[in-house]
Amino acid sequence: MSNLKILVGCKRVIDFAVKPRVNSAKKAVETANVKHSLNPFDEIAVEEALRLREKLGNNIVKEIIALTCGPPKAQEQLRTALAMGADKAVHVEVGKDDSEANILQPLSVAKLFRAIIEKEQPNLVILGKQAIDDDASQTGQMLAGLLNWPQATFASKVDINDDKLTVTREVDGGLETISCKLPAIVTTDLRLNEPRFATLPNIMKAKKKPLVKYTPDQLNVDITPRLEIISVTEPPVRKGGTKVESVEELISKLKQAGL
Amino acid sequence: MSNQLKYQVRDLYKKLLYLGREYPLGYENFFRPRLKAAFVKNRDLKDHDEIKKAIDRGEYVVKELEALYYLRKYRSLKRSYYNQLP
């Protein structure tokens, strides 16, 4: 195999440590003035691309491109990916802020990715298996469908030999090893690797790396949502337990609860 | 203190300040004052080797913090998606 060009997806999501609040319209979660970060599963994807380069060498892995579809602020997340070690970033700008970028749904994202893939011609795409905000876990699969490429989802180990890709997948009740030909789509599971930390000097250096911007119109992609969100509600609050004095009381309480 | 060491100390301080921004117990009211106090405590160090030792300790703390953040993220993901206790 002469060369490998890797594209990684980077989604801007509400930070994992923040407790999300439903907005007043009950249609979405509050995104204004909330800390955002790079989706942890996408961090794993970036790390895997970097590890492949470290393993195979610079003359095989030619370029690692980070791609995001999101508001102007999603640049921060691209910079994180660049600081970790990606070479180039591509930003498809959608909306002015996080609430406007919310109209993006997996199918539109997959179409945007396809348009960028046609431009950049990567032969391996690594995505997070899901984003921690909408938990859809659909983009990778839809993209594979649109491109008619093989997909290896929920990867916990990735190996490349010539143009053969061997991936160990996490499935219910164990592991499954599959192999396929490149070009291919890989989506990452939590145990694939331990992402490195973007250090301060690297973040400074990342500011000099190239970043290309597109809009959905330039790419001829229609991003109107196909699904309508009817309502968003917070999970029910957990009720506290009570202590019972005697067995009789316990039995009567259990009967009351219909057990 | 030699210029090179001065640079290293400042670099370490900046690195720690940057890492501190994500500290779970808070930055302005917890991490920053404590970090400053820790550096001020060693302001009178004159000996080259002792300063080196202090810098090494600082670098160790940097590694610990990175590990702490990583584990915190990993555990919270594991808790929310894999239905197991960390």
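Side chains included, hydrogens not; waters and symmetry mates left out as well; all remaining heavy atoms used. Letters go in sequence order (proteins before strands), and every chain restarts at 1. No experiment lies behind these values; they were computed from the predicted model shown.
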Residue [X] versus chain B: region with a heavy atom under 4.5 Å:
X	answer
A:I203	side chain
A:P201	neither
A:D135	side chain

Assess A:R191 against B:Y82: is NZ or CZ under 6.0 Å from the centre of the six-membered ring, and within 45 degrees of the ring's axis?
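Yes; both conditions hold, so A:R191 lies above the ring face of B:Y82.
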Quick check: are there more than 12 heavy atoms from other residues, nucleotides or ligands sitting under 6.0 Å from [atom1] of [X]?
X	atom1	result
A:K96	NZ	no
A:K157	NZ	no
B:Y7	OH	no
A:K35	NZ	yes
B:D47	CG	yes
A:R169	CZ	yes

Do any of residues 52-69 of chain B have a heavy atom less than 4.5 Å from a heavy atom of chain A, and if so, which, in residue order?
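When heavy atoms of chain A are the reference, residues 52-69 of chain B contributes B:E66, B:Y69 within the under-4.5 Å range.
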Does any non-hydrogen side-chain atom of B:K78 lie less than 4.5 Å from one of A:L190?
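In short, these two side chains touch, coming nearer than 4.5 Å.
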Atom [atom1] in [X], atom [atom2] in [Y]: separation rounded to 0.5 Å?
X	Y	atom1	atom2	answer
A:I44	B:L77	CD1	CG	7.0 Å
B:R75	A:F16	CZ	CZ	11.5 Å
B:E22	A:D15	CD	CG	6.5 Å

Side chain, backbone, both or neither: which part of B:Y81 has an atom under 4.5 Å from a heavy atom of chain A?
side chain
